[in-house]
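This report refers to the structure that appears directly beneath it.
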Amino acid sequence: MMMIFGIPAPLLFGQLLLGLINGAFYAMLALGLSIIFGMLNIINFAHGALFMMGAFAAWILLQYLGIGYFPALILSPILIGLFGIVLERTLISRLYKLDHLYGLLLTFGLALVIEGLFRNYYGSSGMPYNIPAALQGATDLGFMYLPIYRAWVVVAAVVVCFATWAIIEKTFLGARLRAATENPALVRAFGINVPRLITITYGCGVALAAFAGVLAAPIYSVNPDMGDNFINTVFAIVVIGGMGSILGSILTGFGLGVIEGLTKVFYPQASATVIFLVMVIVLLFMPRGLFGKAA
Amino acid sequence: MLEIKDLNAWYGESHVLHGAAFEVREGEVVTLLGRNGAGKSTTLKSIMGLVPRRQGSIRFRGAELIGAPPERIARAGIAFCPEERGIFGSLSVTENLLLPPVIAPGGLDLATIYALFPNLKERAGTAHGTKLSGGEQQMLAIARILRTGAKMLLLDEPTEGLAPVIVQQIGRTIREIKARGFTVLLVEQNFRFAATVADRHYVMEHGRVIDMIPNHLLSSSMDKLHDYLGV
């Protein structure tokens with residue numbers, strides 16, 4: 001058997017792939033959090049619950065309406081995004097004039113309520129969601145077996161993350177968003193409806209979480225706590241990448257997923273803490289995070 | 001064109017404008033003169049809806065704007081160039097220029113804007129608007145509101161902190177846009193500059209308008225003006 005640094009190659013590459021998969025979810029969730037933080041100035045603690053709702057929406061669509069994976073990949077983000085828009089309009093928008101802590105408390109409370117409701121109706125054991133037929137199976141790369149669905153998740157996440165980055169950094173709509181993040185009052189004084197822009201941004205950030213939720217459904221069981229398992233790590237990643245930095249969230253998400261995977265190979269005991277260790281080190285030397293802008 | 005009556009404005013507990021009143025007629029360049037803290041900038045921000053609380057009357061082309069949010073005031077045809085210039089560092093020079101949406105026909109096209117501000121054409125590729133020099137940022141801040149079709153411009157101290165040659169260029173620009181039918185309400189500390197561009201001057205003190213001096217009487221009102229401005 002081929003060995004690399006005294007580790008069997010299939011084990012190493014297997015963990016590397018697992019790391020990339022986790023990284024894909026970290027990146028998508030951190031990206032949504034960053035966009036929302038940039039425009040709304042709130043840390044969206046409901047993000048994990050909305051990710052879970054995205055997975056449940058896919059499961060419900062299949063279970064009750066017979067709608068399959070690929071339509072759900074589009075429908076679920078739209079439905080949950082609309083739910084996010086209702087949340088922003090009816091609840092979150094009332095807190096913009098108050099201290100940011102209130103937004104944090106509200107979204108934290110929302111997460112508890114949403115997760116509690118789902119636990120009440122669906123239990124916490126989790127529902128299976130099958131990998132769609134077109135993405136089943138694995139391919140032999142010579143040094144390891146690559147499950148097709150996992151490759152698909154990484155590719156889909158990379159495409160969605162960089163498409164989001166390109167929309168924000170390279171388009172006209174993105175320029176409005178960046179300007180409104182920097183100086184919302186002046187952007188309003190140019191005749192741009194910033195409150196509407198904020199609502200749309202929240203809806204899109206939520207849709208991104210729901211999209212990640214659908215991608216996650218066949219890998220992790222669909223259960224009310226699936227968001228919780230991710231979200232603490234994702235907050236650390238947002239901080240490491242630099243609050244509000246789009247590219248920082250994407251690169252840090254993937255990068256730390258891989259670091260976490262490799263830690264599982266070389267020193268498994270530290271795999272649960274390595275990301276927080278990185279956070280401490282980064283914050284000691286770069287308080288604004290790896291990609292954060294100077295104030 | 002713009003009629004302000006009994007305008008009051010507050011920042012939190014502090015009452016900044018105490019019943020300011022004046023008017024600007026179509027095609028005029030009018031300045032607000034006064035000492036620091038007299039309420040000149042606050043007046044512009046109040047017209048734009050950018051103060052937390054305001055009362056009174058702001059009529060523009062006959063429509064009352066006192067209760068309107070900033071985006072509706074902008075869409076009514078008033079454009080604002082803030083004192084700190086408001087150039088966005090996360091936007092390129094071109095993105096900064098194209099950011100304010102066109103709200104009515106009759107704005108200047110890009111070719112005309114680049115003819116007025118040749119520097120901006122040279123710097124169009126700059127990735128961050130805030131990499132421009134102070135003078136260039138000021139030109140960009142004026143240029144971007146000329147595109148929108150808004151015919152009433154509020155300029156807050158466009159000459160502040162700039163070299164004399166740039167101040168002259170901004171003076172030429174204001175005369176040029178006046179000739180093109182724009183109406184300008186200008187806040188200035190520098191009344192010598194104001195005299196080269198304006199038709200009339202309002203003097204503000206303690207949040208009120210206390211006097212109006214037509215430009216042709218400015219030289220004969222120097223004593224009074226020195227009194228007002230404390231120069």
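Every chain is numbered from 1 and lettered A, B, ... according to where its sequence line falls, protein lines coming before strand lines. The figures here come from the full heavy-atom set of this structure, side chains too, leaving out hydrogens, waters and symmetry mates.
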Practice item. Grab the two heavy atoms, one from A:E169 and one from B:E95, that are nearest each other, plus how far apart they are. Key: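 The pair with the smallest heavy-atom distance is O-OE2, 4.0 Å.
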Review point. Do you know which of B:G89, B:A150, B:A76, B:S92 has the most heavy-atom pairs under 4.5 Å to chain A?
Key: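 Option with the greatest count: B:G89.
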Review point. Can you tell which of B:P70, B:G49, B:A74 has the highest number of heavy-atom pairs within less than 4.5 Å of chain A?
Key: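 Ranked by contacts with chain A, first place is B:P70.
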Identify which part of [X] has an atom lying under 4.5 Å from any heavy atom of chain A, answering side chain, backbone, both or neither.
X: B:L154; answer: neither
X: B:I73; answer: neither
X: B:P82; answer: side chain
X: B:S90; answer: both
X: B:R72; answer: neither
X: B:I145; answer: side chain

Gap separating the [atom1] atom of [X] from the [atom2] atom of [Y], nearest 0.5 angstrom:
X: B:L50; Y: A:R188; atom1: CG; atom2: CZ; answer: 8.5 Å
X: B:L91; Y: A:T181; atom1: CG; atom2: OG1; answer: 10.0 Å
X: A:L186; Y: B:F88; atom1: CG; atom2: CZ; answer: 4.5 Å

Is it the case that over 12 heavy atoms from other parts of the model lie below 6.0 angstrom from the [atom1] atom of [X]?
X: A:F108; atom1: CZ; value: no
X: A:Y102; atom1: OH; value: no
X: B:H18; atom1: NE2; value: yes
X: B:R175; atom1: CZ; value: yes

Is there side-chain contact between [X] and [Y], with at least one heavy-atom pair below 4.5 Å?
X: B:E71; Y: A:V194; answer: no
X: A:F172; Y: B:L99; answer: no
X: A:F190; Y: B:T148; answer: no

Check your understanding: Heavy atoms under 4.5 Å from chain B: which residues of residues 29-54 of chain A carry them?
Key ->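 Listed by number: none.
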Practice item. Mind jotting down which residue pairs meet the ring pair (Phe, Tyr, Trp, His ring centres under 6.0 Å) criterion with at least one end in residues 22-74 of chain B? Sequence neighbours excluded, please. Key: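 Of all non-adjacent pairs touching residues 22-74 of chain B, those that pass ring pair (Phe, Tyr, Trp, His ring centres under 6.0 Å) are B:F22-B:Y202.
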